[in-house]
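In what follows, a single structure is set out as structure tokens and then discussed.
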Amino acid sequence: GRETSLGGSLPAEEDAAGLRRRIEAVSSGLHPSLSDLLRRTAPEAVMGRPVRMAAGVPSWQPGRLTVLGDAIHAMSPAGGVGANTALADAAALAACLADGDVDGAVARYEADMRSRAERALAATRAGTERLLRRA
Ligand SMILES: Cc1cc2nc3c(=O)[nH]c(=O)nc-3n(C[C@H](O)[C@H](O)[C@H](O)COP(=O)(O)OP(=O)(O)OC[C@H]3O[C@@H](n4cnc5c(N)ncnc54)[C@H](O)[C@@H]3O)c2cc1C
């Protein structure tokens, strides 16, 4: 299915020959100029990277340490919103801190971040389903 056509699951380690076979399988239907480019790429320049995403944002007691962006809600590129969500987190944290009360600011920021992240994760899951046509 679609998942296989995108490269399938990667084993923990794969040698250059295995990666090359995988690239040939993935690029067989592409325009010749693109599959040629991939075929001519030096094997040592090719690597496989599995894409993983957070299942959700857990709850914790707000303190003086907080997190934003991929550090707490990494998502696959299928939704195209990972970077925007990280930037929105940074803007929200700055706005909350500008109010002065650090402890309250972190709690307000984290509530805001959590709802934004859950929306972005849901959009990304939907994008992944479309990409893999599993829905
Ligand atoms: C293939 C791919 C395609 C993507 N496409 C899109 C897209 O189309 N649209 C979109 O919105 N998003 C996309 N994303 C997601 C986006 O890149 C991330 O969501 C975004 O970069 C997260 O920003 P961040 O600042 O949280 O983390 P990062 O960008 O990962 O920044 C963290 C930084 O911290 C540094 N660092 C880590 N540990 C330490 C340490 N101990 N000391 C010092 N520095 C450290 C790292 O080197 C890095 O520079 C894509 C991601 C991938 C992998």
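These figures come from a predicted structure and were not determined experimentally. For the numbers below, each heavy atom of this structure counts, side chains included, while hydrogens, waters and symmetry mates do not. Counting convention: from 1, in listed order, for ligands and their atoms alike.
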If every non-hydrogen atom of R116 is compared with every non-hydrogen atom of A88, which pair is closest and at what distance? CD-CB, 3.5 Å
Are any of the protein's heavy atoms under 4.0 angstrom from atom 9 (N) of ligand 1, yes or no? yes
Does G56 offer a backbone N or O that forms a donor-acceptor pair with the side chain of E118 under 3.5 Å? no
Counting N and O atoms only, with roles assigned by atom type, does the side chain of Y109 sit under 3.5 Å from a partner on the main chain of V67, one being a donor and the other an acceptor? yes
N/O donor-acceptor pair under 3.5 Å between T66 side chain and P62 backbone: no
Can you figure out which of V67, D70, I72 has its heavy atom closest to atom 19 (O) of ligand 1? D70
Starting from atom 53 (C) of ligand 1, which protein heavy atom do you reach first, and at what distance in Å? P77 CG, 4.6 Å
As a test of the contact definition, would atom 45 (C) of ligand 1 count as having a protein heavy-atom neighbour under 4.0 Å? no
Nearest neighbour in protein (non-hydrogen) for atom 7 (C) of ligand 1: G80 CA, 4.0 Å
Using only atom types and a distance under 3.5 Å, with no angle test, would you say the side chain of R114 pairs donor to acceptor with the backbone of P58? yes
How long is the gap from OG1 on T124 to CZ on R119, to the nearest 0.5 Å? 12.5 Å
Quick check on atom 23 (O) of ligand 1 - does any protein heavy atom sit closer than 4.0 Å to it? yes
Determine whether any protein heavy atom is located less than 4.0 Å from atom 26 (O) of ligand 1. yes
At under 4.0 Å between heavy atoms, what of A86 touches ligand 1? The answer is side chain
Is it the case that the side chain of R20 and the backbone of R39 share a donor-acceptor pair, with hydrogens and angles ignored and the cut-off at 3.5 Å? yes
Protein heavy atom under 4.0 angstrom of atom 39 (C) of ligand 1, is there one? no
Applying a strict under-4.5 Å side-chain criterion to I, L, V, M, F, W and Y, I'd like to know whether L37 and L30 cluster together. yes
Residue portion contacting ligand 1 (non-hydrogen atoms closer than 4.0 Å) for T85: neither
Could you report the tightest heavy-atom contact between A117 and T85, atom names first, then the distance? CA-CG2, 4.5 Å
Between the candidates G79, A83, A90, which shows the shortest non-hydrogen contact distance to atom 20 (C) of ligand 1? A83
Tell me whether atom 5 (N) of ligand 1 lies less than 4.0 Å from at least one protein heavy-atom position. yes
Within a distance under 4.0 Å of any heavy atom of G69, pick out the atoms of ligand 1 and give their elements. 26 (O)
Might you check, step by step, whether the distance between atom 33 (C) of ligand 1 and some protein heavy atom is under 4.0 Å? no
Donor-acceptor pair, D89 side chain versus M113 backbone, under 3.5 Å? no
Should you measure from each heavy atom of N84, which atoms of ligand 1 turn up under 4.0 Å away? 11 (O)
Sub-4.0 Å atoms of ligand 1 with respect to non-hydrogen atoms of V81: 10 (C), 11 (O)
